A.B. asks: 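Mind having a look at this structure? Questions to follow.
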There are 2 protein chains.
Amino acid sequence: MTKTRNHVTQSERTRRATLRDVAQLSGVSEISVSRVMRNAPSVSDRLRSRVLAAAGELGYTPNRLAGALKTSSTNLVAVIVPSIGNGVFPEVLDGIESVLADAGLRPVLGITQYDRAQEVQVLRDMLAWSPMGVILAGTDHEPAVTRMIDQQGIPVVEFMDIDRSPMQSAVGISNVKAAVAVADLLAKRNYKRPGYIGAWSERPDRSKARRLAFEARLVELGIPLVDREIASVRASAEVGAKTTETLLKRSPDIDAIFFANDDQALGALFYCQRTGRKVPDDIGIIGFNGIEIGSTTPTILASVVTPRFQMGVETAKLMLLAASDPSTRNVIDLGFEIRLGESI
Amino acid sequence: MTKTRNHVTQSERTRRATLRDVAQLSGVSEISVSRVMRNAPSVSDRLRSRVLAAAGELGYTPNRLAGALKTSSTNLVAVIVPSIGNGVFPEVLDGIESVLADAGLRPVLGITQYDRAQEVQVLRDMLAWSPMGVILAGTDHEPAVTRMIDQQGIPVVEFMDIDRSPMQSAVGISNVKAAVAVADLLAKRNYKRPGYIGAWSERPDRSKARRLAFEARLVELGIPLVDREIASVRASAEVGAKTTETLLKRSPDIDAIFFANDDQALGALFYCQRTGRKVPDDIGIIGFNGIEIGSTTPTILASVVTPRFQMGVETAKLMLLAASDPSTRNVIDLGFEIRLGESI
DNA sequence: ATATGAAATGACAACGTTACCAATTTACGG
DNA sequence: CCGTAAATTGGTAACGTTGTCATTTCATAT
């Protein structure tokens with residue numbers, strides 16, 4: 001037998017145990033240890049228990065780098081989102097993780113800061129780890145993204161909106177339908193002079209598409225948009241108050257505002273109350289996403305409630321499905337619900 | 001030369017390009033290609049450009065599984081948190097990611113659901129990938145966690161609280177100091193009958209430690225805690241309203257409540273206003289974390305403001321430091337600030 | 001007992017990369 | 001133009017695992 005190591009260095013002591021160590025201690029072959037660790041079939045109980053004992057004694061942990069190299073498959077899932085600080089993504093991520101974890105898969109996180117070029121770079125970096133799949137936010141990506149994923153031949157699931165057709169599968173809601181529904185609601189409630197407020201963190205096209213659909217519908221309804229304001233910073237309640245102030249100063253006769261997110265909408269709600277405007281009598285407010293706090297405010301915030309956790313769950317489920325059947329091509333519309341609240 | 005593949009299968013076409021492919025196309029050795037891809041020194045410009053051309057043509061991406069196996073080092077950082085749906089962790093994670101990304105490192109995400117046993121399991125799973133470091137929430141872990149990390153000999157940084165001594169390094173605030181500060185504030189504002197409200201998502205000991213410190217200080221100040229209520233579900237505004245109702249029904253003479261989180265505190269604030277209790281005249285409310293919305297409410301929420309993003313940033317920086325100098329042992333107290341607001 | 005097939009076990013060669021050393025080329029002073 | 005050192009290039013052997021195939025052991029029917 002070849003003596004690979006003929007000098008026992010200090011690192012010898014702390015070296016991570018390998019299959020070989022376990023095999024030697026338990027007096028079986030390496031491949032048998034491998035089979036035991038993987039719960040592969042064709043292993044006798046006697047051998048299994050002997051191996052497990054040795055593995056326990058050595059504190060052996062399989063080295064997935066080696067295993068993955070050999071099988072060229074990992075339990076890693078690349079999850080790339082625009083942001084994670086606040087807003088909707090943490091909740092979606094929560095749903096994703098909960099399903100992946102049960103399936104023994106691990107999310108590897110990438111954040112793009114809403115920058116398409118960064119998405120490409122992050123994806124490239126992640127693909128070097130041979131993830132078994134990729135989860136992306138939105139359906140609007142650089143061509144390179146599609147190309148790289150196609151080349152790897154792994155499943156992709158896109159979550160958030162389903163207004164454009166996805167690379168393979170997608171889970172989300174129709175932002176267009178939501179925008180139309182809000183416009184219809186405003187008309188039904190007899191608002192005549194609607195406005196729109198968004199923010200930087202709503203930059204991607206799904207938000208723009210939503211706004212355009214909103215404006216188009218308003219025109220159809222005969223109550224065209226009076227004015228809009230898109231903050232150039234991340235959405236927050238503070239910013240919501242500021243943008244509302246700006247918008248109302250410029251167009252004081254606006255009688256309802258559709259916000260691209262609830263943070264701004266709440267800020268606006270509080271701003272109006274502080275400045276003596278009656279909501280919804282003087283001005284109607286409706287937000288987007290249906291964050292929890294909005295349903296407990298003294299004036300309950302109207303909002304388009306999106307199923308964020310469930311979106312994550314369904315996204316991950318679709319990933320599992322695609323893993324077992326690569327031909328999977330699904331688009332799941334989770335729909336939305338309008339919480340009327342008391343602000344509209 | 002050995003012909004490794006003598007049958008060109010269909011997969012041959014889609015097979016991911018390897019060093020060998022690039023080497024053959026560019027007419028250099030594999031090791032030279034490796035050097036070019038890693039920007040290793042001792043490569044002539046001529047060779048470099050030839051290799052890069054070939055790599056580009058083949059769409060070659062290095063296989064990190066192989067590289068990592070050989071060097072037994074990765075750019076992966078295991079990040080294990082109790083939860084991610086809402087609350088403080090997304091913001092910390094945001095800070096962590098922003099620093100790691102700049103350093104070319106990737107967070108691999110693990111969620112424990114506040115379950116210590118799960119933390120062990122998740123960590124074990126992640127260590128199989130030989131991460132270059134581990135980031136954990138809190139300083140209270142199963143002995144197995146410490147053991148496994150020690151055995152791997154990699155850096156750990158614990159973030160959140162720094163009241164117990166960390167395995168290696170930690171970044172956070174002192175929950176004990178914060179609790180004492182709140183108790184002192186209540187005394188100074190002449191509250192006499194304080195209460196405490198927490199929730200399930202505050203389960204770990206850092207929250208308990210905070211509560212105990214709060215109670216102990218109140219005793220010292222001669223205004224012992226009147227009553228407390230710990231919701232057995234995740235914190236939310238809705239739950240905050242409910243727990244407040246329960247607490248005040250049981251102990252109607254409570255004149256101030258310290259909440260373990262701002263979600264519940266906001267719910268309580270709204271609940272009191274809805275039910276005609278004047279805040280802070282009838283009852284004082286102070287929360288924990290200082291979430292943004294609390295600073296725009298008509299009655300600004302008093303809260304202990306914690307530097308969550310910065311906590312993530314400093315945590316990741318410490319990880320980088322420990323990566324270059326494994327003997328790093330730091331404890332960074334980021335401190336907190338009390339936003340007095342208008343609710344206390 | 002013996003034949004027969006199934007179950008259990010093992011030997012060996014990869015997977016794609018990089019560390020380590022050796023070989024070759026280049027640069028430059030005398 | 002030569003010798004020497006530095007810079008550049010390459011050969012070989014791992015890293016720790018698993019797929020493939022061969023070999024051994026075992027159970028069962030005859």
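Quick note: numbers below take in every heavy atom, side chains included, and nothing from hydrogens, waters or symmetry partners. Since the model is a prediction, treat every value here as computed from it, not as a measurement. Each chain gets a letter, A, B and so on, in the order the sequences are listed, and its residues count up from 1.
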A.B. asks: Looking only at side-chain N and O atoms, does A:S32 come under 4.0 Å of OP1 or OP2 in C:dG10?
C.D. replies: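 Yes.
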A.B. asks: Whole Å only: how far is the CG atom of A:L19 from the P atom of C:dA11?
C.D. replies: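 The answer, rounded to whole Å, is 14 Å.
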A.B. asks: Under a 3.5 Å threshold, yes or no: a donor from one side chain and an acceptor from the other, between B:S130 and A:R16?
C.D. replies: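 A donor-acceptor contact under 3.5 Å links the two side chains.
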A.B. asks: Within less than 4.0 Å of OP1 or OP2 of C:dT18, is there a side-chain N or O belonging to B:R38?
C.D. replies: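 Looking at the OP1 and OP2 atoms of C:dT18, one of them is under 4.0 Å from a side-chain N or O of B:R38.
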A.B. asks: Below 4.5 Å, heavy atoms only, C-beta onward: do B:T146 and B:V156 meet side chain to side chain?
C.D. replies: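 When only atoms from C-beta onward are counted, B:V156 and B:T146 do not touch, as no gap falls below 4.5 Å.
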A.B. asks: Just wondering, do B:I162 and B:T139 contact through their side chains at under 4.5 Å, heavy atoms?
C.D. replies: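 In short, these two side chains do not touch, never coming nearer than 4.5 Å.
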A.B. asks: Output yes when B:D125 and A:R64 qualify as a salt bridge under the 4.0 Å nitrogen-oxygen rule, no when they do not.
C.D. replies: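 So B:D125 pairs with A:R64 through a salt bridge.
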A.B. asks: Reckon B:P62 touches a base, only the sugar-phosphate, or nothing at all at heavy-atom distances under 4.0 Å?
C.D. replies: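 The answer is sugar-phosphate, as B:P62 gets under 4.0 Å only of primed atoms, P, OP1 or OP2.
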A.B. asks: Report yes if a side-chain nitrogen or oxygen of A:S44 is closer than 4.0 Å to either non-bridging phosphate oxygen (OP1 or OP2) of C:dT9; otherwise report no.
C.D. replies: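 Yes, A:S44 has a side-chain N/O under 4.0 Å of OP1/OP2 on C:dT9.
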A.B. asks: With DNA chain D as reference, determine whether B:G27 or A:A66 sits nearer its 5' end, using the nearest nucleotide of each.
C.D. replies: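 Its nearest nucleotide lies further toward 5', so the answer is B:G27.
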A.B. asks: Rounded to the nearest Å, what distance is computed from the NZ atom of residue B:K70 to the C1' atom of nucleotide D:dA14?
C.D. replies: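 Checked: the NZ to C1' distance equals 4 Å.
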A.B. asks: Nearest heavy atom decides the nucleotide; on that basis, is B:I31 or B:L65 closer to the 5' end of DNA chain C?
C.D. replies: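 That would be B:L65.
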A.B. asks: With a 4.0 Å limit, can you tell me whether A:T18 has a side-chain N or O closer than that to the phosphate oxygens OP1/OP2 of D:dG16?
C.D. replies: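 A:T18 to D:dG16 OP1/OP2: no side-chain N or O under 4.0 Å.
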A.B. asks: Just checking B:L47: base, sugar-phosphate only, or nothing, at a heavy-atom cut-off of under 4.0 Å?
C.D. replies: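 The answer is sugar-phosphate, as B:L47 gets under 4.0 Å only of primed atoms, P, OP1 or OP2.
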A.B. asks: Need to verify one output field. Residue with the more 5' nearest nucleotide on DNA chain D, B:T71 or B:D45?
C.D. replies: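 Taking each residue's closest nucleotide, the earlier one in sequence belongs to B:D45.
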